[in-house]
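The first residue of the sequence shown is numbered 1, and numbering continues consecutively from there. Everything quoted here is computed from the prediction, not taken from an experiment.
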Amino acid sequence: MLKATLRSFLAHKGRLLLSALAVLLSVAFVTGSLIFSDTVGRTFDRLFASTAADVTVSPKEGLHEAVPSGRTATLPAALADRVRQVDGVAAARAEVKVNGITVVDRHNEPVGPTTGAPTLGNAWYPGGRSPVELTSGHAPRGPAQALLDSETADRRNVRVGDPLTVIAPPGSFTVRVVGIVTFTTTNPGSARLFFDVPTARTKLLGDPRAATSIEADAATGVGDGQLKRRVAAALGAHTYDFRTAGEQAESDVDKLGGFLDVIKYVMVGFAGVAVLVGVFLIVNTFSMLIAQRTRELGLLRALGADRRQVRDSVLTEALLLGLAGSTLGLAAGIGLAAGLIELMGLFGMNIDADEMVIGWATPVAAYVVGLGVTFVAAYLPARRAAGVSPMAALSDAEVAGVGRPLRMRAVAGAVVGAAGAAALVGCAVSEQTSSAASLLGLGVVLTLIATVIAGPLLVRPVIRVLGSAFPALFGSIGRMSQRNALRNPRRTGATAAALMVGIALVGGMSVASASMNRSFDQQIDRTLGADFVIQNGNFLPFPREITDAVRDTDGVGLVVRGRFTPVAVRLPDGDRVETTAAGYDPRLDEVANITYARGDSAAALAAGHLAMDRDFARDHGVRVGSAVPVGFQGGRRAALTVGALTDQDAAEGFGTQGGLYFGLATLERYAPGGQDAALYVNAAPGTSDDDLRANLEQTLDPYPQVQVRDLADYKRLVHDQIAVLLYLVYALLGLAIIIAVLGVVNTLALSVVERTREIGLLRAIGLARRQLRRMIRLESVVIAVFGAVLGLALGLVWGVCMQQVLALQGMTALAIPWGTIVAVVIGSAVVGVVAALLPALRASRMNVLAAIAHE
């Protein structure tokens with residue numbers, strides 16, 4: 001049996017090739033994501049481990065910043081003198097490192113990275129732990145000199161002697177590049193400027209006595225843990241955060257973890273789609289191969305092979321397929337990881353591909369995924385093959401069971417579909433976001449399974465409608481293509497299911513994104529009352545001098561500042577909620593339309609008061625007049641009085657948890673040193689919007705990090721952010737379509753082999769080659785459109801339910817993107833035509849007499 005299995009596998013290797021490609025794609029995305037994330041993780045581990053001091057003293061980590069406040073936490077630089085006196089300290093220095101400065105050249109063009117990576121300002125401390133070394137020029141001396149890293153200098157064509165303008169939190173200043181430094185380790189994509197110590201403190205921190213951390217090196221024979229305890233005892237263990245080199249490196253890696261996780265999860269998503277769609281392809285392939293080998297299997301049974309041997313024979317073929325696909329997928333995954341590393345290099349993150357990490361888990365995952373997919377997908381066809389009667393097989397009956405009733409499918413599909421529908425209905429009527437999202441996930445999974453199960457039941461009624469015009473348009477050729485698609489509902493349903501998955505996904509997300517766009521448009525129209533909004537391109541805060549420049553611009557009538565700060569709120573019901581609060585100037589009503597359930601803006605922005613979302617207040621037992629303890633960064637605390645309750649949708653601009661905001665005077669009192677994150681600007685009487693915009697853009701020309709946006713610009717910005725998610729979904733759809741095309745090609749190719757004799761007879765009685773190709777193309781088109789119709793129907797239901805979940809977060813508008821739906825249907829027909837090209841060409845080139853004589 002083993003010899004027969006191997007010969008059968010090699011005899012049908014051409015037919016199994018497309019299935020192997022599905023396995024290859026699944027494994028490639030899994031292994032590629034693992035290799036890439038492991039390599040990047042190892043690279044950054046080495047970077048942080050090699051540059052971390054033996055002990056780092058830093059300000060107490062405050063509250064988590066969901067939205068940046070622009071406040072730089074500092075400690076006294078004089079602490080370095082106290083640390084030097086600690087027994088076991090060989091050296092100590094007061095470090096200055098400021099994230100998010102902006103640097104421009106003489107033409108006001110940004111010098112820093114444009115990919116979202118930060119530009120860092122540092123004090124220049126040459127030494128063994130520095131990530132850079134001076135390779136040209138000299139060290140900075142005085143407030144007008146700086147060093148620039150070589151990668152940024154090359155990318156922006158900056159040379160020694162060139163002037164740069166640095167826009168830092170305390171204000172702008174001009175320096176001249178006096179030297180170039182080169183990274184001795186991996187550059188994570190950031191740009192680095194180095195200043196002498198006094199300049200870094202005064203120009204970056206605004207305080208000549210401040211530092212961002214104190215870094216200590218241990219004397220020989222003193223361990224990091226031991227030194228940490230001594231330094232903590234000298235400074236006060238509860239006053240600052242103390243970390244050893246290992247702990248500091250781990251903290252830095254954790255901060256980077258979100259970026260790495262995004263890449264990993266995206267690739268795992270692609271792998272999941274590839275696995276799911278590949279299962280349909282492999283099931284269909286093995287079902288058809290077994291149907292075509294009915295006589296062969298029957299002969300094996302007649303010669304003495306039992307059911308188990310036949311089943312194991314088919315499963316062995318599947319495992320051989322999985323083994324080959326996994327091996328090739330592992331190699332492709334290595335190539336994919338290398339490509340991602342090169343791609344990261346284009347974005348400024350230079351990772352050495354020669355140090356690629358392939359851990360033991362990677363090949364294990366490759367073979368588990370590859371072998372698991374093929375085994376699971378081939379199990380049902382293998383069981384079906386084992387059930388073949390020797391006499392039935394020898395009489396050439398099809399094991400695929402074309403005529404077998406679909407009653408079991410109907411019952412199973414109805415039960416699972418009813419459960420899925422109930423979950424989606426529960427999602428639509430739920431009033432809690434968490435429960436609605438859970439029910440949505442359950443409903444999506446169950447309705448997808450139900451549609452796959454019941455797909456063959458829908459083949460005949462739906463394809464009769466979809467192909468109803470074929471006889472009129474294409475005559476007998478159209479009629480035959482329609483009947484060919486109806487011939488085996490199981491096969492047609494399984495082939496279409498692969499395409500259905502991707503289209504259902506894109507359909508649901510298209511409805512959700514269109515609804516989000518419309519909801520935000522309505523909310524922006526309803527809420528934003530300012531003529532213009534000044535914001536940083538990546539929503540980071542900006543220096544106060546930009547606010548001053550905007551106020552001094554001709555034609556500006558009113559400027560309302562907006563800032564953010566992390567807070568911790570202790571609520572009457574005992575909950576402690578960490579969230580982000582906003583601070584605004586008193587004339588907020590003139591630039592924003594806020595709906596209040598109780599109170600007004602004057603009460604909300606009064607000193608010592610705050611506003612809160614009505615629903616959040618109700619859930620936690622808060623009323624107007626309640627005193628709420630609020631903790632700010634830096635350890636300050638205050639009991640603020642609830643002056644107003646808002647009735648705003650969560651997405652209307654105050655949309656962090658709780659919708660908390662207060663006056664800027666309150667914010668400055670308890671969290672000083674923050675920066676403005678937005679300026680809401682109205683034109684002065686007699687100034688047109690066009691004139692004001694031109695004046696603002698001229699004023700802000702030296703500050704390329706901020707943009708002037710009106711209502712339309714703001715909407716476009718939101719649409720672009722939503723589009724990023726949609727592009728990812730479209731990429732997933734593209735992958736699903738690629739595998740689905742392989743499935744259609746495989747089905748049609750095997751169908752051509754299965755119908756060789758029939759095709760020969762048709763050619764013998766006068767069917768032309770062109771007519772034969774058209775018949776196969778039309779069959780492919782109707783299968784593809786059938787999958788698209790099922791997918792769109794499913795996706796629309798999912799999308800409507802997603803919108804109901806979004807409505808709980810304030811996005812109440814429902815929008816159906818009809819243009820996308822029409823494009824998907826047309827695209828499916830094109831997919832059908834493309835998938836049929838090779839099978840149709842092969843069928844038309846058959847020798848007529850050989851085809852008629854085919855067994």
Side-chain angles (χ1 to χ4, degrees), residues 43-58 72 75 77 79-80 83-84 89-101 103 111-113 117-142 145-154 158 160 164 166 175 177-201 203-205 210-220 224 227 243-253 255-256 348-352:
T43 298
F44 279 99
D45 286 345
R46 291 174 179 171
L47 167 65
F48 296 137
S50 64
T51 58
D54 294 329
V55 173
T56 300
V57 183
S58 56
T72 302
L75 42 65
L79 288 176
V83 172
R84 289 190 193 100
V89 173
R93 58 188 178 276
E95 175 66 273
V96 177
K97 181 184 295 182
V98 176
N99 185 357
I101 64 174
V103 182
V111 171
T119 300
L120 303 178
N122 297 76
W124 175 244
Y125 287 109
R129 294 186 184 274
S130 174
V132 298
E133 61 181 5
L134 184 63
T135 51
S136 67
H138 61 81
R141 296 186 289 268
Q145 297 184 0
L147 306 177
L148 181 65
D149 72 273
S150 59
E151 294 173 7
T152 303
D154 292 341
V158 177
V160 172
L164 297 175
V166 181
V175 296
V177 177
V178 296
I180 300 296
V181 296
T182 301
F183 279 90
T184 57
T185 58
T186 297
N187 175 16
S190 61
R192 295 283 187 103
L193 262 78
F194 294 87
F195 311 90
D196 67 8
V197 175
T199 301
R201 292 179 184 174
K203 298 293 189 178
L204 298 183
L205 300 178
T212 54
S213 64
I214 306 297
E215 300 189 349
D217 296 333
T220 304
D224 290 359
L227 185 62
R243 293 191 182 94
T244 64
E247 291 168 344
Q248 184 63 43
E250 185 178 349
S251 174
D252 291 336
V253 170
K255 293 176 182 177
L256 187 71
M349 182 183 289
N350 299 314
I351 301 172
D352 190 355

Please determine whether side-chain contact (heavy atoms from CB on, under 4.5 Å) holds for the pair Leu227 and Val89, giving the CA-CA distance in whole Å, both sets of side-chain angles, and the decisive distance to 0.1 Å.
CA-CA 7 Å; Leu227 185 62; Val89 173; 3.5 Å; yes
Side-chain heavy-atom pair Phe194, Asp149 within 4.5 angstrom cut-off:
no
Side-chain heavy atoms of Val132 within contact of Thr184, under 4.5 Å
no
Considering non-hydrogen atoms only, spot the tightest contact between Gly112 and Ala191 and give its length.
CA-CB, 4.1 Å
Distance check, rounded to the nearest 0.5 Å: Glu133 atom CD versus Thr135 atom OG1?
7.0 Å
Quick check against the 3.5 Å criterion: does Ser150 have a side-chain atom that pairs as donor or acceptor with the backbone of Ile180?
no
If you measure from NZ on Lys203 to CD1 on Ile101, what distance do you get to the nearest 0.5 Å?
13.0 Å
For Thr56 and Ser213, test the side chains for any donor-to-acceptor distance below 3.5 angstrom and give the result as yes or no.
no
Under 4.5 Å between any side-chain heavy atoms of Val166 and Val175, yes or no?
yes
Exam field: side chain Gln248 to backbone Ala245, donor-acceptor pair closer than 3.5 Å
no
Can you check side-chain contact (heavy atoms from CB on, under 4.5 Å) on Val177 and Leu164, steps first, answer last?
CA-CA 7 Å; Val177 177; Leu164 297 175; 3.5 Å; yes
For the residue pair Asn122 and Val96, establish whether any side-chain heavy-atom pair is separated by less than 4.5 Å.
no
With a 4.5 Å cut-off on side-chain heavy atoms, are Pro131 and Arg192 touching?
yes
Rounded to the nearest 0.5 Å, the CD atom of Glu95 sits from the CD1 atom of Ile214 at a distance of 9.5 Å
Spatial distance of atom CG (Asp196) from atom CG (Leu147) [nearest 0.5 Å]:
9.5 Å
Quick one: list whatever passes side-chain hydrogen bond (donor to acceptor under 3.5 Å, both in side chains) with Asp217, sequence neighbours left out.
Arg129
Could you pull out the closest heavy-atom pair between Arg201 and Ala94, with the gap in Å?
NH2-CB, 3.5 Å
Can you measure from CG (Leu204) to OG1 (Thr212) and round to the nearest 0.5 angstrom?
9.5 Å
Tyr125 and Glu215, any side-chain heavy atoms less than 4.5 Å apart:
no
Check: Leu193 and Val103 side chains under 4.5 Å, non-hydrogen atoms:
yes
Partners of Arg84 by salt bridge (Lys or Arg N to Asp or Glu O under 4.0 Å), sequence neighbours excluded?
Asp81
Tightest non-hydrogen contact, residues Ala218 and Asp54, listed as N-OD2, 2.6 Å
For Gln145 against Phe195, the heavy-atom pair lying closest together:
O-CD2, 3.9 Å
